[in-house]
Amino acid sequence: MTDKDILTLKLGAYIADSKCTVRAAAREFDMGKSTVHKHVTERLPKLDPALAKRVRDILDYNLSVRHIRGGEATKIKCAKHKSEI
């Protein structure tokens, strides 16, 4: 097993356990979100299909609520801006 394989399994386990976003995993592992995405969507299914399914479900959920999170972030930003005026 290569270092890349081990990293891929660690990324998958981290996302599955914490149910975090790709961005959060990228920050935690100090790498780009595209790299994390590639590891968990292309490499992980070959190494551990069951873990890959769990991670895919989390990624799909995060994608489905992305617009809600963006709205909340905008709401907080606007509230902060209004309080500074």
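The first residue in the sequence is number 1, and the count goes up from there.
Atom NZ of K38 and atom CZ of R43 lie 6.0 Å apart (nearest 0.5 Å). Separation of atoms CG (N62) and CG (D57) is listed at 11.0 Å; rounding is to 0.5 Å. For the atom pair K53 NZ and D48 CG, the distance stands at 13.5 Å (nearest 0.5 Å). Rounded to the nearest 0.5 Å, atoms CZ (R56) and CG (L51) are 13.0 Å apart.
Taking hydrophobic clusters as Ile, Leu, Val, Met, Phe, Trp and Tyr residues chained together by side-chain heavy-atom distances below 4.5 Å, L63 does not share a cluster with V36. Hydrophobic clustering (side-chain heavy atoms under 4.5 Å, transitive across Ile, Leu, Val, Met, Phe, Trp, Tyr) keeps I58 apart from Y61.
When all heavy atoms are compared, the tightest approach of A16 to R54 is CB-NH2, 3.3 Å. Listed here is the closest heavy atom pair of Y14 and A25: CE2-CA, 3.9 Å.
Around CG of D60, the count of heavy atoms belonging to other residues, nucleotides or ligands within 6.0 Å exceeds 12.
The closest side-chain heavy-atom distance from I15 to H39 is not below 4.5 Å. In this structure, M31 and L11 have side chains that are in contact, with non-hydrogen atoms separated by less than 4.5 Å. L9 has its side chain within reach of L47: a pair of non-hydrogen atoms, C-beta onward, lies under 4.5 Å apart. A heavy-atom distance below 4.5 Å is found between the side chains of F29 and L7. Looking at heavy atoms from C-beta onward, T41 lies in side-chain contact with L59 at the 4.5 angstrom threshold.
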